[in-house]
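First the structure, in the form of structure tokens, and then the observations on it.
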Amino acid sequence: MAKRTLGFIEIDQERCKGCGLCIDACPVNVIKFSEEFNSKGYHPAEYIGEGCIACQFCYYMCPDVCITVYKYKTPALSK
Amino acid sequence: MAKRTLGFIEIDQERCKGCGLCIDACPVNVIKFSEEFNSKGYHPAEYIGEGCIACQFCYYMCPDVCITVYKYKTPALSK
Amino acid sequence: MEHRIIAAGFGGQGVMLFGQIIALAGMIEDKHVTWLPSYGPEMRGGTANCTVVVSDDPVASPVVDMPNEIAIFNIPSLLKFEPTLAEGGILVMNTSMIDREPQRKDIKVIKIAANDVAEKLGNVKAQNMVMLGAFIETTKVVSKESVFKALEKKMTGKKAAFLDLNKRAVEEGMKLAREQL
Amino acid sequence: MEHRIIAAGFGGQGVMLFGQIIALAGMIEDKHVTWLPSYGPEMRGGTANCTVVVSDDPVASPVVDMPNEIAIFNIPSLLKFEPTLAEGGILVMNTSMIDREPQRKDIKVIKIAANDVAEKLGNVKAQNMVMLGAFIETTKVVSKESVFKALEKKMTGKKAAFLDLNKRAVEEGMKLAREQL
Amino acid sequence: MGEKIMVKGTEAIGEAAIRAGCKVYFGYPITPQSELTEYMSRRMPQEGRVFLQAESEVATVNMMYGASSVGVRVMTSTSSPGFSLMQEGISYMANARLPAVFVDVVRGGPGLGDIQPSQGDYFQVVKGGGHGDYRLPVYSPSSLQEAVELTIHAFDVADKYRTPVVIFADGMLGQMMEPVEFPDPVDPSTLPSKDDWALTGARGRKARYVTSFDIDPYKLEQMNLVLQETYKKIEAEEKKWEEFMTDDAEIIFVAHGTVGRIVKSTVKMAREKGIKAGLFRPISLYPFPYERLAELAEKVDIVMTVEMSAGQMLEDVKLAVMGRAETPFYGRLAGVIPTPAEILEAMMKEIRR
Amino acid sequence: MGEKIMVKGTEAIGEAAIRAGCKVYFGYPITPQSELTEYMSRRMPQEGRVFLQAESEVATVNMMYGASSVGVRVMTSTSSPGFSLMQEGISYMANARLPAVFVDVVRGGPGLGDIQPSQGDYFQVVKGGGHGDYRLPVYSPSSLQEAVELTIHAFDVADKYRTPVVIFADGMLGQMMEPVEFPDPVDPSTLPSKDDWALTGARGRKARYVTSFDIDPYKLEQMNLVLQETYKKIEAEEKKWEEFMTDDAEIIFVAHGTVGRIVKSTVKMAREKGIKAGLFRPISLYPFPYERLAELAEKVDIVMTVEMSAGQMLEDVKLAVMGRAETPFYGRLAGVIPTPAEILEAMMKEIRR
Amino acid sequence: MSEQVKDAILLASMPKALNGKEFTYCPGCHHGIVHRLVAELIDEFGLREKTLLVAPVGCSVFAYEFFDVDGTVAPHGRALAVATGMKRAKPEMFVLTYQGDGDLAAIGTAETIHAANRGERVTTVFINNAVYGMTGGQMAPTTLLGMKTTTSPYGRDPKREGYPIHMMEIMRALPGVAYAERVKVSRPQDVPKAKMAIKKAFYAQLLDVGFGIVEVLSTCPTNWGMDPVEASRWLEENMVKEFPLGVYVDKVTEVMKEKGVK
Amino acid sequence: MSEQVKDAILLASMPKALNGKEFTYCPGCHHGIVHRLVAELIDEFGLREKTLLVAPVGCSVFAYEFFDVDGTVAPHGRALAVATGMKRAKPEMFVLTYQGDGDLAAIGTAETIHAANRGERVTTVFINNAVYGMTGGQMAPTTLLGMKTTTSPYGRDPKREGYPIHMMEIMRALPGVAYAERVKVSRPQDVPKAKMAIKKAFYAQLLDVGFGIVEVLSTCPTNWGMDPVEASRWLEENMVKEFPLGVYVDKVTEVMKEKGVK
Ligand SMILES: Cc1ncc(C[n+]2csc(CCOP(=O)(O)OP(=O)(O)O)c2C)c(N)n1
Ligand SMILES: Cc1ncc(C[n+]2csc(CCOP(=O)(O)OP(=O)(O)O)c2C)c(N)n1
Ligand code: SF4
Ligand code: SF4
Ligand code: SF4
Ligand code: SF4
Ligand code: SF4
Ligand code: SF4
Ligand SMILES: [Mg+2]
Ligand SMILES: [Mg+2]
């Protein structure tokens, strides 16, 4: 499957509670749990760095409003 | 109109509050207000003494349960 | 001197207004007055009463257990209040509505066929004013002049049309009472 | 002598049971004991803690503002309770869940990778018993024997199957603590 | 002040509230105060103000909470069982510091009781029927003229200290008519501003909230201390009472509200008998005028409390008198109104002792 | 009595109620007593008894009214705001003479407040938060063992005098675990019969009713007098308190419930310093043990009240002491629990005065 | 008379479940008619010794004094909570509440809806007279639009006072309800129908189907300011339009058939 | 990052009507999702300075601390009475309540139904998570049949605990309601739909049509004893069956068309 990157997300990891709803929601599976703990003691969500299609699903589902979604002005093919 | 008497009613006049619902209900108009006052100060309802067809309408409507309805065993024509 | 008055009858007979006019007239005469209605379920079943105190001194309690003057507009009120009247007290009753006799011998009784009188004057509703006239004539609680002033205060707007009738009713009541004194 | 203990971590890490076993063991040793959980919205967000007092005298208050011994199971609990520990107090922490260092220099710290140890013993859930072993070894609040008796009381029915595992976990925890003393 | 007119107690209070600038009235019918609700249903729309009959007293008090929180003057009236249902809400309002005026037209209790005049809600109203450490300023009028004045005063006290205030009345006061003079309506522009706390929309300022809640007990304790400070101020500044023939009195009655007016007659009757009686009538039940009563108690042997209750204010009287004098009690219960004569008789018994 | 087991306070009370023969429990969740509701939801069906979660505290108290009126032992538990909502119903039950046990696990107030231990409901619970002239026997345990015993006792007192009874607890007592011994369940056949008043269906007798209502104030006054007689009996027979080192005390603390246990430590600390302190711990808050406290007050200079409130029981202490000794006060508010040390410090200040 | 009586069959007289005490209602008030129907059914079912009657606060506050059964009066609006307490404690009893519209549909809304939704085995007779009778004719939740009452002196305006509440329609949304019907008793023909409805609401409890309720459109001549006959006519012309008569929930008839009861 | 950002369009981030304070909800709790939707709408309508938020007692008791608008917390269940008080006193404000199922549908039943029936111009967001979250997972009026909670440990049995209550179905019987819809937010696709529903409930107030309410089926992972993803699945499989999604009352769309708003 050609993996296109149309945008990216930022996650406020200190705010994140590691609920996994964004991970479950992401249609292209580009979010995962971090290995690290945040100061709440959770493994926060983490963008894998590529492949985001800017669909906002993760934003929709995040109950802690940790996620900001951007869309590239010029859609870039994934590296 | 042939006025048949099929039964009769008794009214507890001391109990009566003179509301007139029985009078209004009686299909053959055989109840009227008494001229006298009862000790509540009302003019109680009074059976005119003949013409009752024992339909119980007055009993149905009396909110103070003042009325007893009887039916003659042998229906008598009115005098 | 303290007049402790109860007026009682059916709702719609104007007993509340009866009491208020006396209280108002008392106020006009610079007396101390209170008016207190019966209320709550007491008023259901259609009976109503009010208590008026007219006094030279401030009124301690507007509640009266033993009135010395009562105005009675129907049978149940007679049954209820006659026994509470103080010895030597005054009972004014509307005989158009009451076909029984008072039982007490130690009181003064004034009988007024108020409905008939009012009807003759043109409106049966004025029966309470006929009673009022009889009542003030007998008890001297307030003067006719004060009652007229009170009526003028109360009967404004649409009601003003009835002012004259009511004044005549009061005068008629006074006359009938005088005849019995 | 009074042990004022707080155990804190995520809900589900067994901190409540940790505290109850200590209290029960204390009771078995005829000491005066109280156990008090955090409750209400404090417990939301998944964190939970409990306070245990084990004392030679009747316990005045089961509420402890400044504990002298704490068992810490996650990062937010470390942040919250480390500062409240009394000078010279004891901190036992589960380093499997905590990748940060305590800040205080005036306390004794025992570090136990309890999850890893428990996992090796066959069930990560027994991590709280590893912590318990380390804790009693360090604080001497109750003896191993009493803890075992307490476990026997608590772990009945289906839970009895875990009794042995738990005892081994306690012993393992004691051993690891001893190595750090 | 205008001319004297005859009005019913409930109407006197209602009209006074309107003149005090009451903008919103919520209520639920209950005898013997329904006439006040009815009066407001007629008058408030005439003034372009808000009247709403709530579905219950629980709803009523919470509507009050809402209306007060946005900064308007608000009132309700009820009678004993209804006042019981308002306790949770009142406790909330006290801690959220929301001004409001409650009229409790007390009737015979407990439970459904009857609908006659009583003072059996004293503990509930004066000590605090709701949960937590709060107090409510409480005023007990004994005539309709006083009811008018205290109602207006109640709005001012409520705003000044940001607290609910209670008018303690009874069915006698509520139902009776007496001549009354009304003061002119207050000019709304002279009322103190609530801009520093009311919820008016976060325009040009930070968002704010009104609350009775803090999950942290230390912070909540701070809120409580603010309340306690307020109560100290109220206790220092807001005591009200009337004395009647206390100057040379040898026996002092203590009675409030309608009983106060009845006992005045008793005092006169006693004086006719040559007994130097006097009356101390607390007008503010909280703050209770302890100090003045204590002073008076120094000079007499008997301080006799008369209530339409089993002796609730009596505790406050004892706290004032503190053993300086005997503190006998005479009360009628459940809606029975004592007469001046029976009170006199009760007094005579005490004297003879 | 069985063996000692560790239980939570809420469970201790629940289990005690079951052993006392409580047949029906109604409740509504509220922190910090929900565990008791939860415990009963588990245990009552096991015993073939009734548990029902009501839609509110208002519904709860009225379900209690219904169940008690048919003659069964009934209990509920709640916390402060919930108790406020029950006031109307409690007033009804008091006048209808319906036995029942209420557990108020008091939390910081007023309003929503917080969920920490408090004693700020003293006025509400002890003086009467509902309308009308009624009182409720109130017991304030200071340990779980005592909570068990008082709960059982509460059912007996409720039945004996036909009155609602309150257990005054707090979140500390409710949430903590402590070793407890339970007595054996009571034998239901030994409980007093309610056949002379309960609504059991008019079989072979005249129909009867349970009511708090009489439209005639003179009849209602008679009902009230029966209540007042009952209260006199309760005052004569049901006072309970504990004394701790009062024999030779020179300063006496008064504290109830959990504060009582805390002050015991203060007393010991004081004695270590050579100050002869003692503790008077009222167990029944109504009836308050005035007489014994008055006796003790004769012998000391200071009677110091400590409460988790702004000083509510303090009024009862003053009514007992009546000026015989100084009556200073120390309190923490809104859910803050005082420590033995800070109480000691407060005491030292008073001594130094 | 007594000779006349000998020659006659008694068709209708005061039911035994009434103790003969005079009702405290105003002349012509429908409360009395409904009392009699309830009493007749208690007689017919032989329930006198099993019935617990919960009176409300409202004009029918004295109801428990008129019936020859054990009873009580609940706090205003709480009759169904009290009834729940009774029935849960003693399921073998027959528990009946009798309530006005202020009681059941204003202050008691929560208790009503939750008892119904729980399917409490109790029976409720609900008198909708569109006002608060007892307290002097204030607006009820069921007051009609435009209707003047002592607290809606300008006529009920939905913008200000909201809409009349329809309890039977709400009952339809509650699965615990076994029987719900709206009837009236303003004409003689209505009365047996109303009785049959209440009978089914009795069966809802007696056959353990669920909660049974009957709403009776009723007059309040006193507070409507009409004479009793006029009030009945007004009801026919105005209330029936706003509150359609009929069966709203019926899970009872089926069970009756199953069990062969009539 | 910032270079990356320069090349990009911001699609979605924290709405302004939230003040950035961290929510106190458990991980994965739907309360947070709905908060965000409400905040977005306050932003989009430009209502920040006109909004008064009434928080309930329940897990969302802190709601008024998270939104950058004036607010308060009502006594448990009474949010709609408080809101009524506010709106009646200041009709120019936008008044919003946010309530749980225990709050709105148990203790607050009467206040809810009467505010709705009066057609109060206020908007209500109703979080139905089938339990009392705040107090530790007790049975709610909306708890499903068979569901175990801390106070229905043997599973909800209709004979004992009654039936789940259906508020939207009840709303249908109340003429004052202008908009009522039941939605969920358990899948990303649901979220814009839920937002549109709440938007209409805003319009119900803003266009003076009547009372607007949206019920959001929500998870309580903590008290359901599930992880957040599992809880969302459970909701889909179980709650939707009992509580059908959809529009129950809509008098708003028509008015929107009339007034030409979208
Ligand atoms: C808590 C409480 N609030 C108010 C009242 C006053 N009250 C008594 S009856 C009643 C309403 C009666 O109306 P309804 O229920 O319609 O019965 P009706 O008299 O019309 O038959 C009210 C408000 C009360 N007794 N208790
Ligand atoms: C009068 C009163 N009763 C009970 C409570 C306790 N209480 C707080 S929140 C709550 C229920 C919360 O459940 P819900 O409304 O469903 O909200 P959720 O937490 O599930 O979002 C209860 C019963 C209270 N604060 N006040
Ligand atoms: S915006 Fe869509 S594709 Fe990008 S991370 Fe979020 S869910 Fe995945
Ligand atoms: S949805 Fe939000 S809180 Fe949950 S894991 Fe993703 S970023 Fe974290
Ligand atoms: S039974 Fe029928 S006919 Fe006879 S009096 Fe009554 S209504 Fe008239
Ligand atoms: S219906 Fe009954 S109360 Fe009315 S007039 Fe006839 S007999 Fe009398
Ligand atoms: S007031 Fe109305 S409802 Fe009450 S008894 Fe009179 S007519 Fe009937
Ligand atoms: S308890 Fe449930 S509803 Fe409350 S925050 Fe946690 S998950 Fe959400
Ligand atoms: Mg009605
Ligand atoms: Mg919920």
Side-chain angles (χ1 to χ4, degrees), chain G residues 76-78 80-81 84 87-88 91 102-121 139-145 152 156-178 180 208-211 242-244 248-249, chain H residues 76-78 80-81 84 87-88 91 102-121 139-145 152 156-178 180 208-211 242-244 248-249:
Chain G
H76 186 36
R78 320 303 175 188
L80 276 164
T84 298
K87 188 73 180 183
R88 294 279 173 149
D103 195 76
L104 179 140
I107 190 168
T109 307
E111 287 73 16
T112 303
I113 288 191
H114 284 278
N117 196 54
R118 282 191 307 263
E120 293 297 335
R121 269 49 171 176
M139 191 184 77
T142 51
T143 294
L144 305 188
L145 291 183
S152 60
R156 186 176 192 164
D157 175 347
K159 270 247 175 173
R160 204 172 37 218
E161 286 102 7
Y163 297 87
I165 201 161
H166 293 75
M167 292 310 291
M168 293 305 104
E169 286 77 348
I170 293 176
M171 288 296 140
R172 213 154 33 189
L174 307 177
V177 179
D208 197 29
V209 194
F211 177 67
E242 178 70 36
F243 299 109
Y248 284 79
V249 180
Chain H
H76 186 36
R78 320 303 175 187
L80 276 164
T84 298
K87 188 72 179 184
R88 294 276 175 152
D103 196 76
L104 179 140
I107 190 168
T109 307
E111 287 74 16
T112 303
I113 288 192
H114 284 278
N117 196 55
R118 281 192 307 263
E120 293 296 336
R121 270 50 172 176
M139 190 183 78
T142 50
T143 293
L144 305 187
L145 290 183
S152 59
R156 184 176 193 163
D157 175 348
K159 271 246 177 175
R160 205 170 38 217
E161 287 101 6
Y163 296 87
I165 200 161
H166 293 75
M167 291 310 290
M168 293 304 104
E169 285 79 347
I170 292 177
M171 288 296 140
R172 212 152 34 186
L174 307 177
V177 179
D208 196 29
V209 194
F211 178 67
E242 178 70 35
F243 298 109
Y248 284 78
V249 180

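Convention: sequence-line order gives letters A, B, ...; per-chain numbering from 1. As a basis for the values below, the full set of heavy atoms in this structure was taken, side chains included, without hydrogen atoms, waters or symmetry mates.
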Would you give the length of the straight line joining atom OG1 of Thr84(G) to atom CZ of Arg78(G), rounded to the nearest 0.5 angstrom?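 Reported to 0.5 Å precision, the distance equals 13.0 Å.
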Enter the distance from Arg156(G):CZ to Thr142(G):OG1 here, rounded to the nearest 0.5 Å.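 Answer rounded to 0.5 Å: 7.5 Å.
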Could you tell me which portion of [X] (side chain, backbone, both or neither) has an atom closer than 4.5 angstrom to a non-hydrogen atom of chain G?
{"X": "Pro175(H)", "value": "both"}
{"X": "Arg121(H)", "value": "side chain"}
{"X": "Ala115(H)", "value": "neither"}
{"X": "Ile113(H)", "value": "side chain"}
{"X": "Ile165(H)", "value": "both"}

Kindly say whether Glu242(G) contributes a backbone atom to a donor-acceptor pair with the side chain of His166(G) at under 3.5 angstrom?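 At least one qualifying donor-acceptor pair exists.
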Find out whether Pro244(H) and Glu169(H) are in side-chain contact, i.e. whether some heavy atom of one side chain is under 4.5 Å from a heavy atom of the other.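 Yes - at least one pair of side-chain heavy atoms lies under 4.5 Å apart.
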Can you find a heavy atom in the side chain of Phe243(H) that is under 4.5 Å from one in the side chain of Met168(H)?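 With C-beta onward as the side chain, the pair stays apart.
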Relative to chain H, which segment of Ile170(G) carries a heavy atom at a distance below 4.5 Å: side chain, backbone, both, or neither? both
Could you tell me which portion of Ala116(G) (side chain, backbone, both or neither) has an atom closer than 4.5 angstrom to a non-hydrogen atom of chain H? neither
Set of residues satisfying salt bridge (Lys or Arg N to Asp or Glu O under 4.0 Å) with respect to Glu161(G), sequence neighbours excluded: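 Per chain and number, Glu161(G) pairs via salt bridge (Lys or Arg N to Asp or Glu O under 4.0 Å) with no residue.
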Salt bridge (Lys or Arg N to Asp or Glu O under 4.0 Å) partners for Arg88(H), two or more places apart: Glu120(H)
For chain H, which of [options] has the most heavy-atom pairs under 4.5 Å?
{"options": "Thr112(G), Thr109(G), Asn117(G)", "answer": "Asn117(G)"}
{"options": "Pro141(G), Ala106(G), Pro158(G), Gly119(G)", "answer": "Ala106(G)"}
{"options": "Pro164(G), Gly108(G), Gly162(G)", "answer": "Gly162(G)"}
{"options": "Arg160(G), Arg172(G), Glu111(G)", "answer": "Arg160(G)"}

Closest non-hydrogen atom pair, His114(H) against Ala105(G): NE2-O, 2.8 Å
